[in-house]
Amino acid sequence: DTGVSQNPRHKITKRGQNVTFRCDPISEHNRLYWYRQTLGQGPEFLTYFQNEAQLEKSRLLSDRFSAERPKGSFSTLEIQRTEQGDSAMYLCASSRGGASETQYFGPGTRLLVL
Amino acid sequence: AQKITQTQPGMFVQEKEAVTLDCTYDTSDQSYGLFWYKQPSSGEMIFLIYQGSYDEQNATEGRYSLNFQKARKSANLVISASQLGDSAMYFCAMREPLQTGANNLFFGTGTRLTVIP
């Protein structure tokens with residue numbers, strides 16, 4: 001396993017700009033998750049993909065957020081019209097499912113909105 | 001609703017000593033899973049250990065063991081022979097089933113462990 005990778009690792013943007021993050025999961029994993037982690041908190045679930053289908057979305061995922069996973073491989077998370085409250089670490093995780101499903105996380109993208 | 005409580009914001013341990021990080025959980029489900037992750041300052045969440053609710057034995061992975069007390073709803077992480085590289089944030093998490101069959105991970109607020117040389 002080469003592990004989950006995420007790009008970019010850091011992003012600084014001005015309020016109102018759009019940003020896009022990429023996640024490349026472990027190759028044989030069909031499940032992909034996005035989480036958001038703010039300072040002093042544990043990660044919180046945003047959305048989930050089974051292959052290319054987005055099957056779950058959290059209430060945290062406002063209409064300014066959109067995620068895709070074309071062809072069931074890599075995934076992108078886009079935030080439109082960023083707000084200062086969007087500043088956080090965005091973590092991607094992947095798994096192969098199963099009864100004792102374990103999610104493996106990437107290094108995250110740290111977003112700062114000025 | 002699921003809930004994870006980690007009551008220790010910070011812990012210190014002497015190098016080569018053992019340390020226990022506390023985690024209590026609340027669920028009405030009979031089948032559930034508990035996880036511990038390590039998050040160094042680089043930000044990556046590193047999976048350490050898993051305990052299923054029906055597992056009769058406590059999980060162990062190298063220097064990590066999980067002290068699972070089902071009746072008390074606690075799942076404490078024990079790190080033996082602490083090393084300087086163990087200094088990090090540690091998160092306890094519970095698997096929360098989603099409607100579509102996948103699993104959200106519900107995390108606690110974490111414990112920052114510092115290993116003293």
Side-chain angles (χ1 to χ4, degrees), chain A residues 1 3-6 8-11 21 23 26 29-51 53-61 69 88-112, chain B residues 1-10 21 23 25 30-55 57 59 61 64 66 68 88-112:
Chain A
D1 289 342
V4 179
S5 62
Q6 291 186 247
R9 294 291 309 276
H10 299 89
K11 180 71 177 178
F21 310 139
C23 170
I26 294 170
H29 287 183
N30 58 352
R31 294 184 176 184
L32 188 146
Y33 300 80
W34 283 98
Y35 290 82
R36 182 172 71 184
Q37 184 180 21
T38 53
L39 209 58
Q41 301 296 319
E44 295 175 290
F45 170 75
L46 290 179
T47 190
Y48 155 68
F49 288 85
Q50 172 92 20
N51 299 313
Q54 186 176 19
L55 299 183
E56 291 275 351
K57 287 196 283 187
S58 160
R59 286 175 297 175
L60 293 175
L61 211 67
R69 193 183 181 197
M89 171 79 91
Y90 290 84
L91 291 158
C92 174
S94 71
S95 80
R96 55 165 61 96
S100 59
E101 176 184 6
T102 297
Q103 296 180 25
Y104 295 91
F105 284 79
T109 295
R110 197 178 297 274
L111 173 66
L112 177 61
Chain B
Q2 316 277 11
K3 187 174 181 181
I4 295 284
T5 302
Q6 294 181 255
T7 57
Q8 307 155 313
L21 306 183
C23 173
Y25 60 91
Q30 295 301 308
S31 175
Y32 52 89
L34 295 156
F35 300 79
W36 278 91
Y37 284 84
K38 171 185 178 181
Q39 188 175 43
S41 56
S42 58
E44 183 175 0
M45 297 287 284
I46 301 168
F47 167 71
L48 295 178
I49 197 165
Y50 165 79
Q51 179 84 42
S53 58
Y54 293 120
D55 295 340
Q57 291 193 331
E61 290 285 350
Y64 305 108
L66 201 152
F68 182 47
M89 283 291 288
Y90 288 80
F91 288 95
C92 179
M94 174 182 288
R95 182 177 61 216
E96 178 181 55
L98 298 170
Q99 290 183 353
T100 50
N103 295 288
N104 168 31
L105 284 177
F106 190 85
F107 287 85
T109 53
T111 295
R112 180 170 298 281

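In what follows, chains are A, B, ... by sequence order, proteins preceding strands, each numbered from 1.
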Q: Assign the ring pair A:Phe21 / A:Tyr90 to parallel, tilted or perpendicular, where the plane angle (0 to 90°) is split at 30° and 60°.
A: tilted
Cut-off 4.5 Å, heavy atoms of chain B, and the answer for A:Leu91 is side chain
Exercise for the section: Answer yes or no: is there a side-chain heavy-atom contact under 4.5 Å between B:Thr5 and B:Lys3? Expected result: yes
Applying a strict 4.5 Å limit to non-hydrogen atoms, the region of A:Gln37 in contact with chain B is side chain
Correct closest heavy-atom pair for A:Pro107 and A:Val4 would be CD-O, 3.5 Å
Of A:Gly97, A:Ala93, A:Gly106, the largest count of non-hydrogen pairs under 4.5 angstrom with chain B goes to A:Gly106
Parallel, tilted or perpendicular: which describes the rings of A:Phe105 and A:Tyr35, with under 30° parallel and over 60° perpendicular?
-> tilted
Looking only at A:Glu101, A:Arg110, A:Gln41, most heavy-atom pairs under 4.5 Å shared with chain B are made by A:Glu101
message = Quick one, B:Tyr90 and B:Leu48 - any side-chain contact, counting heavy atoms below 4.5 Å?
response = yes
ask   = Parallel, tilted or perpendicular: which fits the ring planes of B:Phe91 and B:Phe107, with parallel below 30° and perpendicular above 60°?
value = perpendicular
Answer yes or no: is there a side-chain heavy-atom contact under 4.5 Å between B:Leu34 and B:Tyr25? yes
On a heavy-atom basis, the closest approach of A:Thr47 and A:Lys57 is OG1-CG, 3.6 Å
Whatever's closer than 4.5 Å to a heavy atom in chain B on A:Phe45 counts as both
Taking a cut-off of under 4.5 angstrom between non-hydrogen atoms, the residues of residues 37-46 of chain B near chain A are B:Tyr37, B:Gln39, B:Ser41, B:Ser42, B:Gly43, B:Glu44, B:Met45
